[in-house]
There are 2 protein chains.
Amino acid sequence: MARPASGASALPLDTILPGECAAAMDALPENSVDLIFADPPYNLQLKGDLHRPDNSTVDAVDDAWDQFDSFAAYDAFTRDWLRAARRVLKPDGALWVIGSYHNIFRVGAAVQDAGFWLLNDVVWRKTNPMPNFRGKRLTNAHETLIWASRSEGSKYKFNYEALKALNEGVQMRSDWTFPICTGHERLKNARGEKAHPTQKPEALLHRLLVATTDPGDVVLDPFFGTGTTGAVARALGRHYIGIEREAEYRDLAAARIADVRPYEAAALKVTTSKRAAPRVPFGQLVERGMLRPGEELLSGNGRFRAKVRADGTLAGEGVMGSIHQVGAAYEGAPSCNGWTYWHFKREGKRVPIDALRQQIRDEMGDPTG
Amino acid sequence: MARPASGASALPLDTILPGECAAAMDALPENSVDLIFADPPYNLQLKGDLHRPDNSTVDAVDDAWDQFDSFAAYDAFTRDWLRAARRVLKPDGALWVIGSYHNIFRVGAAVQDAGFWLLNDVVWRKTNPMPNFRGKRLTNAHETLIWASRSEGSKYKFNYEALKALNEGVQMRSDWTFPICTGHERLKNARGEKAHPTQKPEALLHRLLVATTDPGDVVLDPFFGTGTTGAVARALGRHYIGIEREAEYRDLAAARIADVRPYEAAALKVTTSKRAAPRVPFGQLVERGMLRPGEELLSGNGRFRAKVRADGTLAGEGVMGSIHQVGAAYEGAPSCNGWTYWHFKREGKRVPIDALRQQIRDEMGDPTG
DNA sequence: GTGCTTGGTGAATCAGTAT
DNA sequence: CATACTGATTCACCAAGCA
């Protein structure tokens with residue numbers, strides 16, 4: 001009896017539909033898909049060009065599909081596709097949406113207002129985000145995903161043990177660390193340029209689909225783009241339905257997915273590598289109150305002193321800078337490991353500040369880095 | 001003279017005001033505080049803890065209609081305190097709000113709708129979150145902060161270099177890792193229980209205040225609770241104003257803050273950017289004889305040359321103008337920092353003219369450290 | 001083949017002052 | 001209020017070229 005687990009025989013399984021996402025969803029039968037993953041336009045509101053310090057220009061997301069006249073226009077767009085999405089979703093189905101601070105708050109509120117029930121928000125921490133070139137803000141190093149069931153009472157699917165296994169035997173947290181999509185995984189178009197400005201990494205979709213679907217389930221992606229959702233769904237033995245307005249994206253996605261070789265049903269094993277010990281900035285010792293601004297540090301040889309400042313730099317005699325810089329300056333050395341060089345006093349004894357760093361690392365104990 | 005840097009003499013500095021937060025803010029002068037940090041109630045499942053603007057209490061009920069009713073009530077509450085907050089904020093002031101997925105999307109949308117301009121969202125990653133005991137969801141291991149300036153054009157404050165220093169010389173990212181508030185830091189009430197259910201760690205406030213305020217600035221916290229904001233503000237030489245409805249919290253906070261020993265003023269100095277350093281016209285280098293009219297400068301890459309003229313302009317091949325203009329013309333770039341682009345020869349070595357500017361700044365006695 | 005250097009780039013709401 | 005000018009500002013990773 002090889003019926004699809006979801007009994008969705010009327011659906012256009014494993015195809016990419018053209019058209020506007022809300023209208024295309026309205027043409028599908030209601031209560032019919034298990035999961036929806038949506039990567040809607042972020043409504044970035046970029047003004048002029050942005051240059052890097054080397055004067056090259058940043059290739060911005062300036063596509064027509066990301067242009068909205070106002071918050072109200074974006075909200076109307078959002079509420080419309082959410083309404084259509086909720087209709088095609090099975091009663092026990094769930095929704096994922098990804099966004100950035102530009103749009104995710106509006107989207108999240110609309111998800112709640114549409115009747116979905118929030119289960120978690122998940123932070124995708126990027127290991128290699130684009131820096132903030134002007135030094136005017138924090139590096140925008142993450143995006144946010146919202147996971148919601150169709151209704152408060154939905155019996156949503158969550159493969160708790162699978163995710164625990166993915167996380168070396170401890171519960172999966174709500175912050176996920178992945179690199180952005182680069183290298184061979186990044187699709188190129190016929191002209192050799194990046195095919196899509198916002199292609200998501202397959203690792204992200206992999207974790208998400210392992211967590212909240214089973215083999216045979218139907219995953220709908222109303223903003224299909226170059227088909228990352230379809231590629232990962234096929235590899236993992238899930239069915240996909242994509243909706244994409246632009247023919248060029250549809251063609252690229254179809255070719256990409258055709259190249260995917262599904263994993264053997266038994267082999268959904270994932271390798272997780274232990275990372276090097278996480279980097280702990282000296283400033284954290286100050287922020288956490290382990291060292292007070294104004295407190296005096298001593299060099300290991302007892303010859304030099306410096307005072308801690310509130311931003312995690314040291315002020316010595318005629319020198320200022322990081323723990324490494326001030327140590328190096330005192331010793332007249334080209335470099336210096338400040339962690340072992342500097343000591344603080346506790347109960348009359350001189351303790352290297354590295355002991356405090358170790359304490360923080362012990363607390364972190366997070367293999368996902 | 002020891003006037004507050006912010007000239008906010010009419011404000012009730014370093015006090016805790018009683019009352020409802022919006023009404024209490026409305027009693028303060030407008031355009032008067034530098035920063036607002038808000039940790040509003042997280043809402044919705046807090047059974048009976050939520051009040052409508054008219055002070056009637058929202059019944060906690062599960063059905064959809066009342067759920068909508070409760071969203072609407074929370075939104076009204078949020079929009080009201082945001083309106084009051086924006087009024088007391090200086091035009092170049094900024095706002096921080098912290099929340100979880102239960103409320104942060106509604107709050108974030110309201111922040112945008114109120115006219116604030118989002119600068120970043122920041123994720124507080126907890127090193128030691130409470131596990132999800134039932135194994136039905138991901139461990140909720142983070143909370144979200146929103147950082148927004150009062151208006152799109154506000155000249156908000158951001159101590160970029162200080163945060164870079166706190167992070168060992170690389171840009172601070174939008175994900176911050178701290179343990180939750182436990183141990184000695186966690187306030188107990190007279191009955192020995194934890195005094196407040198959602199006390200925030202001081203480390204979080206430390207980073208936030210170092211990042212977006214200077215010593216002497218006024219920080220308003222309309223949901224003061226047990227006064228973490230006040231305690232850290234006092235330690236860091238900032239003024240605070242707290243608003244708190246519950247007398248028990250006010251008493252605990254006051255006692256806690258009184259125990260805080262402010263850090264030495266010298267330790268509060270923070271690394272500053274070159275932008276803050278005084279402007280030195282290139283012509284001064286010529287007037288002072290550091291460069292001779294007719295002397296040849298080389299681009300850093302060695303490909304271009306130009307001659308210094310007596311009025312502090314450069315004459316290149318087919319180009320004339322400022323050090324920046326000539327550099328930009330040679331490189332075909334939209335702009336160019338001539339100070340780092342152009343070099344002169346001394347003892348066979350190529351030295352950037354920026355070194356001469358630094359020499360002048362040193363003579364002026366400018367401690368950019 | 002290996003290792004080093006150079007160049008390119010990624011969902012980005014990215015300037016301040018004087019005229 | 002608009003325009004012009006000064007001049008500050010980047011992290012991690014990948015690919016290609018070269019020694």
Side-chain angles (χ1 to χ4, degrees), chain A residues 39-63 65-68 71 74 98-104 124 126-144 179-186 193-194 196-201 223 225 279, chain B residues 92 112 116-121 147-149 152-156 158 160-161 164 167-174 272-283 301 312-313 321-325 327-328 333-342 353-354 357:
Chain A
D39 182 8
Y42 286 10
N43 191 24
L44 301 185
Q45 294 166 45
L46 308 178
K47 299 296 190 293
D49 278 353
L50 177 64
H51 298 280
R52 303 169 196 271
D54 66 3
N55 273 325
S56 63
T57 303
V58 173
D59 182 18
V61 178
D62 52 5
D63 306 67
W65 47 254
D66 198 38
Q67 306 302 320
F68 294 86
F71 281 140
Y74 186 76
I98 184 167
S100 68
Y101 69 85
H102 311 87
N103 72 324
I104 197 64
W124 167 29
K126 305 179 184 183
T127 58
N128 50 350
M130 195 186 321
N132 184 296
F133 294 114
R134 306 304 295 264
K136 302 302 292 181
R137 303 182 181 189
L138 299 161
T139 306
N140 191 10
H142 74 275
E143 295 188 21
T144 301
I180 60 176
C181 183
T182 57
H184 289 114
E185 193 185 317
R186 189 84 196 209
E193 308 152 341
K194 67 180 172 193
H196 194 283
T198 71
Q199 187 180 341
K200 296 293 176 290
F223 304 95
R279 199 170 58 86
Chain B
D92 289 335
Q112 290 182 306
F116 292 93
W117 190 246
L118 299 195
L119 299 169
N120 277 118
D121 61 339
W147 176 36
S149 61
E152 181 175 354
S154 296
K155 295 181 174 61
Y156 58 90
F158 180 53
Y160 172 75
E161 293 291 345
K164 193 171 171 180
N167 198 30
E168 293 218 312
V170 295
Q171 284 189 342
M172 185 65 79
R173 298 166 41 111
S174 56
T272 55
S273 74
K274 289 184 193 160
R275 254 189 284 263
R279 207 177 72 88
V280 176
F282 176 71
N301 55 29
T313 56
S322 73
I323 52 173
H324 315 297
Q325 288 167 340
S335 69
C336 169
N337 183 346
W339 290 106
T340 52
Y341 182 80
W342 292 109
I353 58 175
D354 204 24
R357 180 171 64 162

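Here the structure is a predicted model, which means the values were calculated and not measured. Every chain is numbered from 1, with letters handed out A, B, ... down the list of sequences.
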Nearest-angstrom distance from the residue atom CE of B:Met172 to P of D:dC11 | 12 Å

Protein and nucleotides 9-11 of chain C: nitrogen or oxygen contacts under 3.5 angstrom:
residue, atom, partner, partner atom, Å
C:dG10, OP2, A:Lys194, NZ, 2.7
C:dG10, O5', A:Lys194, NZ, 3.1
C:dG10, N7, A:Arg52, NH1, 3.3
C:dG10, N7, A:Arg52, NH2, 3.0
C:dG10, O6, A:Arg52, NH1, 2.5
C:dG10, N2, A:Asn128, O, 3.2
C:dG10, N2, A:Pro129, O, 3.0
C:dA11, OP2, A:Arg186, NH1, 2.7
C:dA11, OP2, A:Arg186, NH2, 3.1
C:dA11, OP2, A:Pro197, O, 2.9
C:dA11, N7, A:Lys200, NZ, 3.3
C:dA11, N6, A:Pro40, O, 3.1
C:dA11, N1, A:Tyr42, N, 3.0

Is it true that B:Phe282 and B:Trp342 have ring centroids separated by less than 6.0 Å?
-> no

N/O (side chain, B:His324) to phosphate O (OP1/OP2, D:dG7) under 4.0 Å = yes

Gap between atoms NE2 and P, on A:His142 and C:dA12 respectively (whole Å) | 13 Å

Are A:Asn55 and B:Ser335 side-chain neighbours, meaning at least one heavy-atom pair lies under 4.5 Å?
-> yes

Rounded to the nearest 0.5 Å, what's the gap from CG on A:Asn140 to CG on B:Asn120? Could you check?
-> 6.0 Å

Closer than 4.0 Å, any side-chain N/O of B:Lys164 to the OP1 or OP2 of D:dT10?
-> yes

What distance, rounded to whole Å, do you find between the two C1' atoms, one in D:dT10 and one in C:dG8?
-> 13 Å

Determine the contact category for A:Glu193: base if any of its heavy atoms lies under 4.0 Å from a base atom, sugar-phosphate if only primed atoms, P, OP1 or OP2 are that close, otherwise nothing.
-> nothing

For DNA chain C, the dot-bracket pattern of Watson-Crick and G-U pairs whose distances stay under 3.5 Å, | for other-strand partners | .|||||||||....|||||

Donor-acceptor side-chain pairing of A:His102 and A:Ser100 below 3.5 angstrom = yes

Contact class for B:Leu118 vs. all strands (heavy atom < 4.0 Å): base, sugar-phosphate, or nothing?
-> base

Only one of A:Leu50, A:Asp49, A:Leu44 forms a side-chain contact (heavy atoms from CB on, under 4.5 Å) with A:Leu46, so which one is it?
-> A:Leu44

Check the distance between D:dT6's P and A:His51's NE2 and give it to me in whole angstrom.
-> 17 Å

May I ask you to verify whether the side chain of B:Ser335 and the base of D:dA8 hold a donor-acceptor pair under 3.5 Å?
-> yes

To the nearest angstrom, how far is A:Asp49 atom CG from C:dC14 atom C1'?
-> 12 Å

Using the C1' atom as the reference point in each nucleotide, state the distance between D:dA19 and C:dG1 in Å, no decimals.
-> 13 Å

A:Thr127 side chain: which of C:dC14, D:dC13, C:dT17 is closest?
-> D:dC13

Mind checking ring-ring contact (aromatic ring centres under 6.0 Å, His included) for A:Tyr42 and listing every partner two or more places apart, or none if nothing turns up?
-> none

Could you state the CH2-P distance from B:Trp117 to C:dA15, rounded to the nearest angstrom?
-> 12 Å

Quick one: is B:Asn337 getting a side-chain N or O under 4.0 Å of the D:dA8 phosphate, OP1 or OP2?
-> yes

Counting side-chain heavy atoms from C-beta on, which of C:dA12, D:dT9, D:dT6 comes nearest to B:Arg275?
-> D:dT9

Please determine if a side-chain N or O atom of B:Arg357 lies less than 4.0 Å away from the OP1 or OP2 oxygen of D:dT6.
-> no

Looking only at atom C1', what distance separates C:dG10 and C:dC14, rounded to whole Å?
-> 15 Å

Think B:Tyr160 has a side-chain N or O under 4.0 angstrom from the OP1 or OP2 of D:dT10?
-> yes

Establish, yes or no, whether a centroid distance under 6.0 Å links the rings of B:Tyr156 and B:Trp147.
-> yes

Please confirm whether the backbone N or O of B:Arg279 pairs with a side-chain atom of B:Arg357, one donor and one acceptor, at under 3.5 Å?
-> no

Length of the CZ-P vector between B:Phe282 and D:dT6, whole Å = 12 Å

DNA chain D nearest-nucleotide lookup for A:His184 and A:Asn132: closer to the 5′ end is A:Asn132

Distance from A:Glu185 atom CD to A:Lys200 atom NZ, nearest 0.5 Å?
-> 12.0 Å

Specify the separation, in whole Å, of atom CH2 of B:Trp147 and atom P of C:dC14.
-> 12 Å

Figure out the NZ/C1' separation between B:Lys274 and C:dA15, and round it to whole Å.
-> 16 Å

Look at all strands and tell whether A:Gly48 reaches a base, only sugar-phosphate, or nothing, counting heavy atoms closer than 4.0 Å.
-> base

Separation between CD1 of A:Ile180 and OG1 of A:Thr127, rounded to the nearest 0.5 Å | 7.5 Å

Test: A:Lys126 and A:Glu143 ion pair at under 4.0 Å = yes

